[in-house]
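Report on one structure; see the data block that follows.
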Amino acid sequence: MPPARLSHESIAPAVRFVGHAIVSADGMISDADGGMPAALRNQADWRHFQAALDASALVVLGRLGHERHRNPGRPRLVLTGASTGLAAAPDDPRAQLYNPAVLPLAAALAEFGIAEGTIAVTGGTRVFDAFLPLYDAFDLAEVNGLALPGGRPCFAGGHPRAVLAAAGLRPERYELIDA
């Protein structure tokens with residue numbers, strides 16, 4: 001389990017952290033079972049998301065997301081409390097299991113050889129929360145009119161728009177994907 005928050009300490013200034021999420025109107029990233037209902041999917045957003053991941057130096061996600069969504073070949077840092085620091089993922093040669101409570105993030109990035117570039121943070125809740133102080137940007141898509149009562153939130157502290165605003169992030173633009 002990641003610590004409550006990570007810090008910029010010893011991280012190269014040329015490293016940029018960008019969060020990515022699509023949420024329901026009530027701020028959920030999945031239903032109560034952890035699944036992503038069809039109503040939360042959008043092809044235009046998916047293409048945009050995949051292009052952002054392709055352009056990133058590293059993708060960061062939680063263990064459940066890693067297990068549910070197999071890796072198409074991108075380097076991954078998988079946050080999990082089950083790791084003793086940084087260890088090769090047994091099911092993915094490009095992924096490392098990482099416990100930030102044991103090893104500083106800067107050391108994990110150094111193991112990947114990352115001193116510059118974009119780190120794409122794709123969730124789940126604990127991962128989004130842990131990286132909150134590091135985000136340079138957060139790419140948030142919201143499906144208006146869709147509620148997922150009992151679902152898993154993007155951020156534990158509330159709706160992502162409110163949490164990101166409280167962290168100092170402001171929308172640069174709004175784009176209607178589907179009418």
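Atom set for the values below is all heavy atoms of this structure, side chains included, hydrogens, waters and symmetry mates excluded. Here, residue 1 is the first one in the sequence, and each next residue gets the next number.
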I want to check something: taking the side chain as every heavy atom from C-beta on, are [X] and [Y] in contact at a cut-off of under 4.5 Å?
X	Y	answer
Ile11	Leu105	yes
Pro160	Phe155	yes
Leu79	Phe131	yes
Thr84	Val102	no
Glu142	His159	yes

Just wondering, more than 12 heavy atoms not from Gln50 lying within 6.0 Å of its CD?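 Count over threshold, so yes.
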
Working note: Leu146 + Leu40, criterion side-chain contact (heavy atoms from CB on, under 4.5 Å); need CA distance, chi angles, decisive distance, verdict. CA-CA 8 Å; Leu146 174 65; Leu40 195 55; 3.9 Å; yes

Report the hydrophobic cluster partners of Leu97, with the cluster defined as I, L, V, M, F, W, Y residues connected by side-chain heavy atoms closer than 4.5 angstrom, directly or transitively.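 Leu97 clusters with Trp46, Phe49, Leu53, Val59, Leu61, Val78.
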
To the nearest 0.5 Å, what is the distance between [atom1] ([X]) and [atom2] ([Y])?
X	Y	atom1	atom2	answer
Leu77	His66	CG	NE2	11.0 Å
Arg74	Asp92	CZ	CG	11.5 Å
Gln96	Thr80	CD	OG1	13.0 Å
Arg94	Arg76	CZ	CZ	11.0 Å
Arg68	Arg63	CZ	CZ	10.0 Å
Leu103	Leu86	CG	CG	6.0 Å

[Y] backbone acceptor or donor facing [X] side chain under 3.5 Å:
X	Y	answer
Arg152	Thr125	no
Ser56	Leu58	no
Thr122	Val60	yes

Could you give the side-chain donor-acceptor pairs of residues 22-33 under 3.5 Å, partners two or more places apart or in another chain?
from, atom 1, to, atom 2, distance (Å)
Ser24, OG, Asp26, OD1, 2.3
Ser24, OG, Met28, N, 3.0
Asp26, OD1, Leu148, N, 3.2
Asp26, OD2, Leu148, N, 3.0
Asp31, OD1, Asp33, N, 3.0
Asp31, OD1, Gly34, N, 3.1
Asp31, OD1, Gly35, N, 2.8

Taking all atoms of both residues into account, what is the closest heavy-atom pair of Ala108 and Tyr98, and its distance?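 Smallest interatomic distance, heavy atoms only, reads CB-CE1, 3.7 Å.
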
List the atom pairs, with distances to 0.1 Å, where a side-chain N or O of residues 132-141 and a protein N or O form a donor-acceptor pair under 3.5 Å, not counting sequence neighbours.
from, atom 1, to, atom 2, distance (Å)
Tyr135, OH, Phe128, O, 3.1
Asp136, OD2, Phe17, N, 2.8
Asp139, OD2, His48, NE2, 2.5

